[in-house]
Amino acid sequence: MFHSLARSDERVDALYEELMTLVTEPGWPHGVAPAISVALLARFYERFADQVVSVARRVDFALTGELPESSVRDVHAAL
């Protein structure tokens with residue numbers, strides 16, 4: 001479960017980056033207010049996806065007693 005959600009989170013992160021690029025380009029035709037709304041909405045969805053992965057990591061740990069492999073790599077990378 002954790003690994004498929006982590007891959008989905010990576011796709012959401014890529015979509016977030018794509019939207020941010022789109023709304024910050026000089027050719028954005030819709031004005032500032034819609035750009036801010038799109039940017040905030042995209043950020044909220046990106047954070048929601050991050051939280052889903054965090055919950056899945058905890059559920060995986062609760063069920064197996066072990067951290068998912070990529071979580072272990074994340075911890076070691078942060079050190």
Side-chain angles (χ1 to χ4, degrees):
M1 173 176 62
F2 167 76
H3 296 292
S4 65
L5 288 173
R7 284 189 298 276
S8 295
D9 178 53
E10 290 171 6
R11 289 194 300 267
V12 171
D13 290 346
L15 288 170
Y16 171 75
E17 292 296 326
E18 185 179 332
L19 277 172
M20 292 307 295
T21 299
L22 183 67
V23 300
T24 58
E25 287 180 348
W28 172 257
H30 306 289
V32 174
I36 292 170
S37 295
V38 168
L40 287 172
L41 185 61
R43 178 66 179 149
F44 295 149
Y45 273 109
E46 191 271 334
R47 287 300 300 142
F48 181 74
D50 290 343
Q51 294 300 320
V52 168
V53 170
S54 178
V55 169
R57 180 181 298 127
R58 292 167 192 247
V59 168
D60 249 12
F61 179 76
L63 293 175
T64 66
E66 297 178 5
L67 286 174
E69 184 58 36
S70 63
S71 290
V72 174
R73 284 194 304 268
D74 294 342
V75 169
H76 291 299
L79 297 178

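Taking 4.0 Å as the cut-off between side-chain N and carboxylate O, Asp50 and Arg47 count as a salt-bridged pair.
Between Glu46 and Asp13, the shortest heavy-atom distance links the atoms OE2-OD1, 2.9 Å. Minimum heavy-atom separation, Val53 to Leu5: CG2-O, 3.6 Å.
Put simply, the side chain of Leu19 reaches to within 4.5 Å of the side chain of Val38, judged on heavy atoms.
The backbone N or O of Ser4 lies less than 3.5 Å from a partner atom in the side chain of Ser8, making a donor-acceptor pair.
Tyr45 contributes atom OH, which lies 5.5 Å from atom CG of Leu41 (distance to the nearest 0.5 angstrom). Distance check: Arg7 CZ to Arg11 CZ gives 8.0 Å after rounding to the nearest 0.5 Å.
By the 6.0 Å contact criterion, CZ on Arg58 is open, its count of non-hydrogen atoms from other residues, nucleotides or ligands being 12 or less.
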Quick one: side chains of residues 21-37, donor-acceptor pairs under 3.5 Å with protein atoms, not counting sequence neighbours, listed by atom name and distance.
residue : atom : partner : partner atom : Å
Thr21   : OG1  : Glu17   : O            : 2.9
Thr24   : OG1  : Met20   : O            : 2.7
Thr24   : OG1  : Thr21   : O            : 3.4
Trp28   : NE1  : Gly31   : O            : 2.9
Ser37   : OG   : Ala33   : O            : 3.2

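Side-chain heavy atoms closer than 4.5 Å link hydrophobic residues (I, L, V, M, F, W, Y) into clusters, and following such links, even through other members, never connects Leu15 to Phe44.
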